[in-house]
Amino acid sequence: MAAPLEVTGSDTEAQPEAVLAGVDGKAIQGRSLGQIAWMRLKRDKVALAGGVIVILLILLAIFGPLLVQSPLDYHQNLIDPTYNRPKTGIWHTGISADHLLGVEPGTGRDLLSRIVHGARISLLVSFLATLLSVVIGTILGITAGYFGGWVDMLISRAMDAFLAFPLLLFAIALVAVISDGSFGLSGNGLRIGVLVVVIGFFNWPYIGRIIRGQTLSLREREFVDAARSMGARNSYILFKEILPNLVAPILVYATLLIPTNILFEAALSFLGVGVIPPTPSWGGMLTLAVPIYSSDPMYMIVPGVAIFITVLAFNLLGDGLRDALDPRAK
């Protein structure tokens, strides 16, 4: 029988370079969860299109008012005094090189400038209201899910009460009751503050329920038990162990909540409890367009399309983020 070949330890051990070398000879690199999510999101062309539109809308709201004329400038020379509508353009819209979307019937104010300035109001209110809802909903949801017992019961019943509250009627009544100059604010500053508080404070139960359900699952995980066994305090476990694992659902739901708040702000402005005219808002433009819709439909179509595109873009982006951040997705 032949003697076995002697093999040294260096020959039996795989070299790190050989282990990490890929098929093409390049080193294999690991990917973080963020990189994996970005790769998934890049493959979703619809979500990327929504994200591009959202970025353009934000840039338009920030820098657009610097590029367009004032929304308060009247151009009575463009209005036919007999019919109280623009003299020129398709459907008497007043569309021209100086007014790309036409002018407002009766006043001659530029529609493009009013849409751009209205975007600033709508996005400001929706972003601040969403931030308020996310902060309140996350804190109360994670608290209810982690502690359970009477704490969970108390917060859950508060969620039910807020969900059953007639928010629209409350907003109308609150604007009527609060006098100008309250809380150190006045005019549109006060109106925007009221809209943010009403929309944000009464919408937190939606995200609160989602965070509570996720926390109920996370508190039973091994890393939470390990933190408890090492003597970690509840505050540390909540905000250092559980909260980082809730970033994905918080981000996704916040993206989906923003278009809802945009519609809510437009509805309140449509009912006359939004920003004070002549400051433009998309809902306020729809209100002014109702009496003249039959003769000048363009004045309602322009703000309606602006709201539609904005809400659709945020929803597409939110759906794409949900799929990209889902660890169970292929």
Side-chain angles (χ1 to χ4, degrees), residues 33-34 36-37 40-41 47 125-168 170-171 195-265 311 314-315 317-329:
L33 294 178
I36 295 174
R40 292 174 177 171
L41 186 61
V125 172
S126 61
F127 274 104
L128 293 179
T130 300
L131 178 62
L132 181 60
S133 297
V134 167
V135 171
I136 298 176
T138 300
I139 294 176
L140 294 182
I142 197 175
T143 302
Y146 179 76
F147 290 102
W150 66 269
V151 176
D152 184 18
M153 183 186 67
L154 182 63
I155 296 177
S156 296
R157 298 295 77 78
M159 292 181 185
D160 296 336
F162 275 92
L163 290 174
F165 203 83
L167 179 55
L168 194 60
F170 178 78
L195 290 176
V196 170
V197 171
V198 169
I199 298 174
F201 185 71
F202 286 92
N203 278 337
W204 69 265
Y206 297 99
I207 191 170
R209 284 189 166 181
I210 294 175
I211 298 303
R212 173 185 174 274
Q214 295 287 333
T215 306
L216 287 173
S217 174
L218 289 173
R219 72 176 185 180
E220 307 298 332
R221 302 288 292 273
E222 292 79 3
F223 64 89
V224 176
D225 293 335
R228 288 199 193 101
S229 65
M230 296 180 67
R233 295 178 297 178
N234 289 329
S235 59
Y236 179 88
I237 296 175
L238 284 173
F239 297 103
K240 296 295 185 179
E241 299 291 343
I242 296 180
L243 185 59
N245 290 277
L246 296 173
V247 172
I250 291 174
L251 179 62
V252 171
Y253 192 79
T255 308
L256 296 174
L257 188 60
I258 289 174
T260 303
N261 291 339
I262 291 176
L263 291 175
F264 205 165
E265 183 276 331
V311 172
F314 274 104
N315 282 329
L317 177 60
D319 289 339
L321 286 176
R322 180 182 57 194
D323 296 336
L325 296 173
D326 187 358
R328 296 169 295 181

Just do the side-chain contact (heavy atoms from CB on, under 4.5 Å) check on Val311 and Ile258 with the steps written out, would you?
CA-CA 8 Å; Val311 172; Ile258 289 174; over 6 Å; no
Looking at Asp225 and Arg219, is any side-chain nitrogen of the basic one under 4.0 Å from a carboxylate oxygen of the acidic one?
no
Nearest non-hydrogen partners of Ile142 and Leu238, listed with the distance
CD1-O, 3.4 Å
Taking Ser229 for its side chain and Ala226 for its backbone only, find out whether a donor-acceptor pair lies under 3.5 Å.
yes
Decide side-chain contact (heavy atoms from CB on, under 4.5 Å) for Leu246 and Thr138; before the verdict, give the C-alpha distance in whole Å, the side-chain angles of both, and the deciding distance to 0.1 Å.
CA-CA 9 Å; Leu246 296 173; Thr138 300; 5.5 Å; no
Testing the basics here: between Thr215 and Gly145, what is the closest heavy-atom pair and its distance to 0.1 Å?
CG2-C, 3.7 Å
Non-hydrogen side-chain atoms of Arg209 and Ser156 separated by less than 4.5 Å:
no
Would you sort out whether Ile207 and Ile211 count as a side-chain contact (heavy atoms from CB on, under 4.5 Å), showing the intermediate values?
CA-CA 6 Å; Ile207 191 170; Ile211 298 303; 4.1 Å; yes
Carefully, step by step, assess Val134 and Ile250 under the rule side-chain contact (heavy atoms from CB on, under 4.5 Å).
CA-CA 7 Å; Val134 167; Ile250 291 174; 3.6 Å; yes
Taking atom CE of Met159 and atom CG of Leu154, what is their separation to the nearest 0.5 Å?
10.5 Å
So Phe202 and Phe162, would you call those rings parallel, tilted or perpendicular, with 30° and 60° as cut-offs?
tilted
Does CZ in Arg228 sit with more than 12 non-hydrogen atoms of other residues, nucleotides or ligands closer than 6.0 Å?
yes
Contact check, side chains of Phe264 and Leu195, non-hydrogen atoms, under 4.5 Å
no
Rounded distance [0.5 Å steps], CH2 in Trp204 versus CD1 in Ile139
11.0 Å
Looking at CG of Leu256 and OG1 of Thr130, how far apart are the two atoms once the value is rounded to the nearest 0.5 Å?
10.5 Å
Contact between Thr143 and Phe147 at the side-chain level, heavy atoms closer than 4.5 Å - yes or no?
yes
So how far is it from Asn245 CG to Leu218 CG, rounded to the nearest 0.5 Å?
5.5 Å
Does the side chain of Asn203 pick up a donor-acceptor pair with the side chain of Ser133 at under 3.5 Å?
no
To the nearest 0.5 Å, atom CD of Glu241 lies from atom OH of Tyr146 at 10.0 Å
